[in-house]
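Below is one structure, written out as structure tokens; the observations come after it.
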Amino acid sequence: MLSTTRRGFLAGTGGMFAAGLASASVAQTAEARARAPRNIVLILADDLGVSEIGPYGQRIIATPNLDRMAAQGVRFRNAFAGSSLCAPSRCALLTGLHTGHGTVRENPEGGPQHALNPGDLTFAEVARLAGYRTALIGKWGFGPEQPDQDSHPNVRGYDEFYGYITHVHAHQYWPTYLWHNREMVAFDGATYSPDFLRDRAVRFIRESAKDGKPFLLQFATILPHSPSEIPGDAGQYADAPWTKPNRRHAAQVTRLDAHVGDILRTLREAGVADDTIVIFTADNGPHHEKGVDPNIFNSNGPYRGVKRQLYDGGIRVPMIAYNPSFSPKVVDDPVALWDVLPTVADVAGLPVPAHIDGRSFLGALTGGRYAGHPYLVWNRPKKMQAIRRGHWKLIRFHPNIAGAGPEGRNELYDLRSDRGERHNVAERHPNLVAELNELLDGAIGPDPRIPYGLSAREEGDGVVVSLANGSAGPWTKVRLYLDDDDAKSVGQERLVKAESFVATFPKKGRVAHARFVVNGEEIHFRTKVQKAPH
């Protein structure tokens, strides 16, 4: 006999936990998805200033491929990083939570590399529930640097991983080793890793195109993070009247642009360009490390601040989305990296997880509607926080941070007339400062997520399969089964928000399936059965 149980929450396995904020309406989601390609390529640059590429005003560094991509696609004028630093920004990107709620809210400072945990659900895990083949090529940015741990990319939703686990290791352009899935692969220290990893990304696209399954590729290059290292000298910038670090930094950005061109060309050659959304963005503002002067390139454009700061120059990033079917346009509505997870869910045709901070921007890409944010939040614990609501932005400095006194400091900016954040008007608007501080306090707290997804594990001679509804609405006509044996499925008529359905099957299997209906559409989850530890 098959046994079933029902309970409100599950504790335990990776892939079951997530969160999200539902799309504005089911009708808008269906409308956007009907026009959307199914494959996703996310290209994530490292420490790239918002104005270091041509579509955002760059006039010194050549970026012809990104120029064409923006001219033919969708350019977001007001796109924001998850943080002004690497690890928390990438956590926000992956999980759909801003740094007031996410697991990783700060870079490590003299301690261990911060990690994701079993309660984190990444957009790659969401895509894999829908049958996507997934890959992360490049920089992961979370520790520890071990093969079998909850924060490893293979555990957090990526079928294929090649690159760096920790962000410190990712500072090496000529590495002596890289990770391929759970194995450390020796390198000779003479291989320029950005080019090698570009080749791996191209290979994944070609293999996936032949396979025919939908795919998600996250190409997380380390360009143009410091140090400013590049093969040879500085190419077309070799004679520029700058120091060597600045010449090579410019060459890094142009090389990054060439890699974008390689990926776009590969999609065309593989015959999958029409069915693929390509999103280009970055993890935070420009760096000024190891001799690089962002003022030479106007890297942060008209905005104040750089990496590590919560002024707009530290958190604004380029974001361009391209598909041959997209109508060229510029989107003014603010978007943030934590919007990627719900957007992936929308593209994959899955219900968006509830209680995350992100909102799907799929409608902005396909000509549908986009429900923006009432406000955006950034949190660097014990240092500074920021909130943007409409044209007002508040930055709150903790005591004795960045020149603040023992009581801390509030800075308020009216971005309509002061996009460079030069004129602090906090003293003129004390009530607004108090209101935004209260809103900011309410946005910083514990992880708000509830279980979402499908997990399966061997237990004795059988398999326990668990399905958790972590979305906003009910799931109906629920069926769980192993492999392709739908005839032996176990069913439940209705599964409401925050409920789980668990079935125990007496025989082992390789893949667990869940089918259910959401707003008239049948949804299909699948996941590999985890073998019992020996």
Side-chain angles (χ1 to χ4, degrees), residues 1-20 22 26 95-96 118-132 134 155-157 341-342 344-346 348-356 449-460 462-532:
M1 289 290 292
L2 299 172
S3 65
T4 63
T5 63
R6 182 175 176 177
R7 62 188 184 221
F9 291 89
L10 294 177
T13 60
M16 287 297 297
F17 294 79
V26 174
T95 65
D120 283 309
L121 180 90
T122 70
F123 63 74
E125 291 175 274
V126 171
R128 199 158 65 173
L129 285 172
Y132 277 60
T134 58
V155 178
R156 298 268 63 88
L341 185 147
V344 169
D346 256 1
L350 302 184
V352 175
H355 300 305
I356 58 172
R449 294 173 294 180
I450 57 178
Y452 176 103
L454 179 69
S455 71
R457 68 182 188 280
E458 291 182 357
E459 194 169 288
V463 173
V464 177
V465 181
S466 303
L467 175 69
N469 179 358
S471 70
W475 299 352
T476 61
K477 300 180 180 178
V478 178
R479 306 195 312 277
L480 302 180
Y481 58 95
L482 293 181
D483 298 324
D484 295 320
D485 199 358
D486 194 359
K488 294 183 180 179
S489 64
V490 175
Q492 179 167 300
E493 185 56 32
R494 186 177 178 87
L495 196 64
V496 300
K497 176 182 175 181
E499 265 191 335
S500 297
F501 178 40
V502 183
T504 300
F505 294 85
K507 293 184 179 180
K508 295 181 178 179
R510 293 177 299 171
V511 179
H513 299 259
R515 290 185 183 271
F516 52 93
V517 175
V518 179
N519 299 302
E521 295 185 48
E522 184 176 74
I523 307 297
H524 182 192
F525 283 0
R526 66 278 275 173
T527 190
K528 293 181 181 178
V529 175
Q530 301 300 310
K531 293 185 178 181

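Under a 3.5 Å cut-off, the side chain of R515 and the backbone N or O of H513 do not form any donor-acceptor pair. Here the side chain of E521 pairs no donor or acceptor atom with the backbone of V518 at under 3.5 angstrom. Judged purely by atom type and a 3.5 angstrom limit, D486 has no side-chain atom pairing as donor or acceptor with the backbone of Y481.
Between E493 and K477 the shortest side-chain heavy-atom distance falls below 4.5 Å. With contacts defined as side-chain heavy-atom distances shorter than 4.5 Å, the pair V464/R457 qualifies. Within the 4.5 Å cutoff, no side-chain heavy atoms of D120 are placed close to those of E125. Between V344 and Y132, the closest side-chain pair of non-hydrogen atoms is not below 4.5 Å. At a threshold of 4.5 Å between non-hydrogen side-chain atoms, the residues R449 and T95 count as touching.
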After noting the C-alpha distance and the side-chain angles of Y452 and L350, does the key distance pass the side-chain contact (heavy atoms from CB on, under 4.5 Å) rule? CA-CA 11 Å; Y452 176 103; L350 302 184; 3.9 Å; yes
side-chain contact (heavy atoms from CB on, under 4.5 Å) between T527 and R128: does it pass, once the steps are laid out? CA-CA 8 Å; T527 190; R128 199 158 65 173; over 6 Å; no
Candidate pair R510 and K528, rule side-chain contact (heavy atoms from CB on, under 4.5 Å), full reasoning: CA-CA 6 Å; R510 293 177 299 171; K528 293 181 181 178; over 6 Å; no
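With rounding to the nearest 0.5 Å, the separation of CG in D483 from NZ in K488 is 11.0 Å. For the atom pair N469 CG and T476 OG1, the distance stands at 10.5 Å (nearest 0.5 Å). Atoms CZ and NE2, from R479 and H524 in turn, are 9.0 Å apart once rounded to the nearest 0.5 Å. Atom CG of L495 sits about 8.0 Å away from atom CZ of F501, to the nearest 0.5 Å. Here I523 contributes atom CD1 and L129 contributes atom CG; the two are 11.0 Å apart, rounded to the nearest 0.5 Å.
Nearest heavy-atom pair, T122 versus R156, reported as atom, atom and distance to 0.1 Å: OG1-O, 2.6 Å. Looking at every heavy atom in both residues, V529 comes nearest to A512 through CG2-N, 4.0 Å. Of all non-hydrogen atoms in P342 and V352, the two that sit nearest each other are CB-CG1, 3.6 Å. The shortest heavy-atom contact between T134 and A124 is CG2-O, 3.9 Å. Heavy-atom minimum distance, A514 versus L467: CB-CD1, 3.9 Å. Between R494 and Q492, the shortest heavy-atom distance links the atoms O-NE2, 3.0 Å.
Remark: aromatic rings of F516 and F525 are close, center separation under 6.0 Å.
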